[in-house]
A.B. asks: 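The structure follows.
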There are 2 protein chains.
Amino acid sequence: MSADVIEPEAADQVARDSLSERIYAQLRLELMMGMYEPGARLNIRGIAATSDISPTPVREAVMQLVREGALELKLGHQARVPVLSVREYIEIRETRAPLERLASELAAVHITKDEIASLRDLHRRFVEAEREGRWKDALAVNQAFHFLIYRCSQNATLVRVIENLWLLIGPFINHQYPLVQRAHIELHPHLLVIDALERQSPSEAGELIVRDLREGSYLILSHLEDEKSKKRRGRKSRSEGAHSLSGKSRTS
Amino acid sequence: MSADVIEPEAADQVARDSLSERIYAQLRLELMMGMYEPGARLNIRGIAATSDISPTPVREAVMQLVREGALELKLGHQARVPVLSVREYIEIRETRAPLERLASELAAVHITKDEIASLRDLHRRFVEAEREGRWKDALAVNQAFHFLIYRCSQNATLVRVIENLWLLIGPFINHQYPLVQRAHIELHPHLLVIDALERQSPSEAGELIVRDLREGSYLILSHLEDEKSKKRRGRKSRSEGAHSLSGKSRTS
DNA sequence: ATCTGAGTTTTGATATATCAAAAATGTAGA
DNA sequence: TCTACATTTTTGATATATCAAAACTCAGAT
């Protein structure tokens, strides 16, 4: 993982130094980064043990993620990463769309030269990562690209809401993305967005960002269709995957 | 409180019968209904005692609300109802706007005759409650009116996101609303919205709902301005208000 | 080989205990 | 009377204990 990518601010508001906050932030990041596959189950005691803390704050963090929809409770008990249906994925995308549009419109008004430069840099790194097949990095940098635009909107509520929607599709996207066949376009939607932002054209920026959203979505969905028909023939493995926490425990 | 108003579904996903869930739902409802004033502080042990349970699930519920922004932590500790600044209020409104628009557009496509009838009924009750000065009821029924439209969008994610934004302004609105001077309009925006929905005209419905949102917002904000200038003269009481939980404990 | 169910283990939910930080209180001095 | 500081009390954060529900195991039946 070579990215010094901008961190999602997201985890705000809550006591900065509490254990539950730490675990929450950690889990959130891991979900966004695709360290848990859809369907993966989370074990409160297990995470607590890995992090050398008691189950109480872990449970608190997990239940916050459940509340946000980033996790779900199987039979009202064990938490697991949701397996999004196509319908749910589209619902989230359609909810995101007008928010993305608004964010870009506002960003077009407030964005600075430095931020434009950052966007160009992030996009360059995105293309590079994708070309070299570093999918995780590509996704992370792509996320950083979009999150920077959100922040330029200077509407904290808007940023929060959109970031929470990203969280919902994080595991799903990370799971699908490496498999998607990308037509290597010469004129990437991102570049058009950056230009519109630079021209401070809200309507264009908004329109283009929505187009980017939909295009990415189509790639995912069409691939999903392929896979479904493949499965119709010989059904084989179930997507499971237990995944313990990343090994950065032994805190003390 | 005479309302048999539709309950916000919101509190989904989480274990239906857990204590923390119950407390969460209760607090959420109380916040929406204006039972806590902006600035009010929540005492975890106090709520636990009132509800005859231990502090653990209460803390969990409270921290979930903090995570959602419905509460905030004072100095990284005690939870309290946020006192929204005008800026924050507008941020939330502007984030809601495109979501409300989308919800109404989708509702215009999916809405049934029965739902139209329910909307008319809710609006009738809204006007009635307002005419009679039952502010809390008016707000509750107004909320039910809007929430029904959201549900007609048939996009669960969208419903959740908008309802969460309502939660953020709940205490603020309930605090301000009774004080606002309403010009009793003959042709209420709601009626225009209902007509547009009935004609299944997405663009009109979307436009009109946003207009309703903004009009309501202007009333609040202009009143806030008045109050501010009033305070500039003689500053007197601080908005505080401790408010214990509603007395429906003694569960067992 | 697969299914079923009793018994065991694991796990989540809640209560309680403990500790440190914050708030409240009270007292002495200005 | 008001302020500053020390003491007491309250409160939140976390760990631990406990219990019931769920998951798992494995022998026995089909």
Side-chain angles (χ1 to χ4, degrees), chain A residues 11 13-27 36 39-67 70-82 238 240-245 249-252, chain B residues 11 13-27 36 39-67 70-82 238 240-245 249-252:
Chain A
Q13 222 92 354
V14 177
R16 209 129 325 275
D17 54 343
S18 76
L19 290 182
S20 57
E21 171 64 24
R22 251 200 17 224
I23 297 296
Y24 172 86
Q26 175 183 331
L27 288 176
Y36 290 91
R41 297 188 287 182
L42 281 85
N43 181 317
I44 291 176
R45 279 171 150 92
I47 296 171
T50 305
S51 302
D52 262 316
I53 63 177
S54 85
T56 309
V58 175
R59 177 183 150 86
E60 191 172 294
V62 167
M63 294 309 284
Q64 284 176 22
L65 290 164
V66 170
R67 176 69 60 194
L71 298 174
E72 68 185 6
L73 289 186
K74 186 184 174 189
L75 307 180
H77 277 284
Q78 194 166 29
R80 67 172 172 197
V81 179
R238 323 196 97 265
E240 192 59 54
H243 284 269
S244 68
L245 278 198
S249 71
R250 194 166 299 104
T251 313
S252 56
Chain B
Q13 221 93 355
V14 178
R16 207 132 328 274
D17 54 342
S18 76
L19 290 182
S20 56
E21 171 63 24
R22 252 198 18 223
I23 297 296
Y24 172 86
Q26 174 183 332
L27 288 175
Y36 291 90
R41 294 186 289 182
L42 282 85
N43 182 318
I44 291 176
R45 279 169 149 94
I47 295 171
T50 305
S51 303
D52 262 318
I53 63 176
S54 84
T56 310
V58 175
R59 178 186 149 84
E60 191 173 293
V62 166
M63 294 310 282
Q64 284 176 23
L65 289 163
V66 170
R67 177 69 60 194
L71 298 174
E72 66 183 11
L73 290 185
K74 185 184 174 188
L75 307 179
H77 277 284
Q78 194 166 28
R80 67 172 172 194
V81 180
R238 322 194 98 266
E240 192 59 53
H243 285 268
S244 70
L245 276 200
S249 72
R250 196 167 296 107
T251 313
S252 57

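What you see below is based on every heavy atom in this structure, not just the backbone, and it leaves out hydrogens, waters and symmetry mates.
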A.B. asks: Pair Ile23(B), Val62(B) - check side-chain contact (heavy atoms from CB on, under 4.5 Å), show working.
C.D. replies: CA-CA 8 Å; Ile23(B) 297 296; Val62(B) 166; 5.8 Å; no
A.B. asks: Where do Tyr36(B) and Arg80(B) land on the side-chain contact (heavy atoms from CB on, under 4.5 Å) test, with the steps shown first?
C.D. replies: CA-CA 9 Å; Tyr36(B) 291 90; Arg80(B) 67 172 172 194; over 6 Å; no
A.B. asks: Taking CD1 from Ile44(A) and C1' from dT14(D), how many angstroms apart are they, rounded to a whole number?
C.D. replies: 15 Å
A.B. asks: Side chain of Ser20(A) only, please: which of dG12(C), dA15(C), dT14(D) is the nearest?
C.D. replies: dT14(D)
A.B. asks: May I have the distance from Asp52(A) (atom CG) to dT16(D) (atom C1'), rounded to whole angstrom?
C.D. replies: 15 Å
A.B. asks: Using whole Å, what does the distance between atom P of nucleotide dA21(C) and atom CG of Asp17(A) come to?
C.D. replies: 10 Å
A.B. asks: side-chain contact (heavy atoms from CB on, under 4.5 Å) for Ile47(A) and Leu27(A)? Distances and angles first, verdict last.
C.D. replies: CA-CA 10 Å; Ile47(A) 296 171; Leu27(A) 288 176; 4.2 Å; yes
A.B. asks: Could you state the atom-to-atom distance from CD of Glu21(A) to C1' of dT14(D) in whole Å?
C.D. replies: 15 Å
A.B. asks: If I take atom CG in residue Asn43(A) and atom P in nucleotide dT9(C), what distance separates them, rounded to the nearest angstrom?
C.D. replies: 17 Å
A.B. asks: How many whole angstroms separate atom CD1 of Ile23(A) from atom C1' of dT14(D)?
C.D. replies: 12 Å
A.B. asks: What nitrogen or oxygen pairs link the protein and nucleotides 17-25 of chain D at under 3.5 Å?
C.D. replies:
{"residue": "dC24(D)", "atom": "OP1", "partner": "Arg41(A)", "partner atom": "NH2", "Å": "3.2"}

A.B. asks: Could you tell me if the side chain of Arg67(A) sits less than 4.5 Å from the side chain of Met63(B), heavy atoms only?
C.D. replies: no
A.B. asks: The test is side-chain contact (heavy atoms from CB on, under 4.5 Å); show your working for Val58(A) and Leu19(A) and say whether it passes.
C.D. replies: CA-CA 8 Å; Val58(A) 175; Leu19(A) 290 182; over 6 Å; no
A.B. asks: Which pair of non-hydrogen atoms, one from Ala70(B) and one from Pro82(B), has the smallest distance, and what is that distance?
C.D. replies: O-CD, 3.2 Å
A.B. asks: Please give, in whole Å, the distance from dA15(D) P to Glu60(A) CD?
C.D. replies: 12 Å
A.B. asks: Atom CZ of Arg22(A) and atom P of dT14(D): how far apart are they, to the nearest Å?
C.D. replies: 9 Å
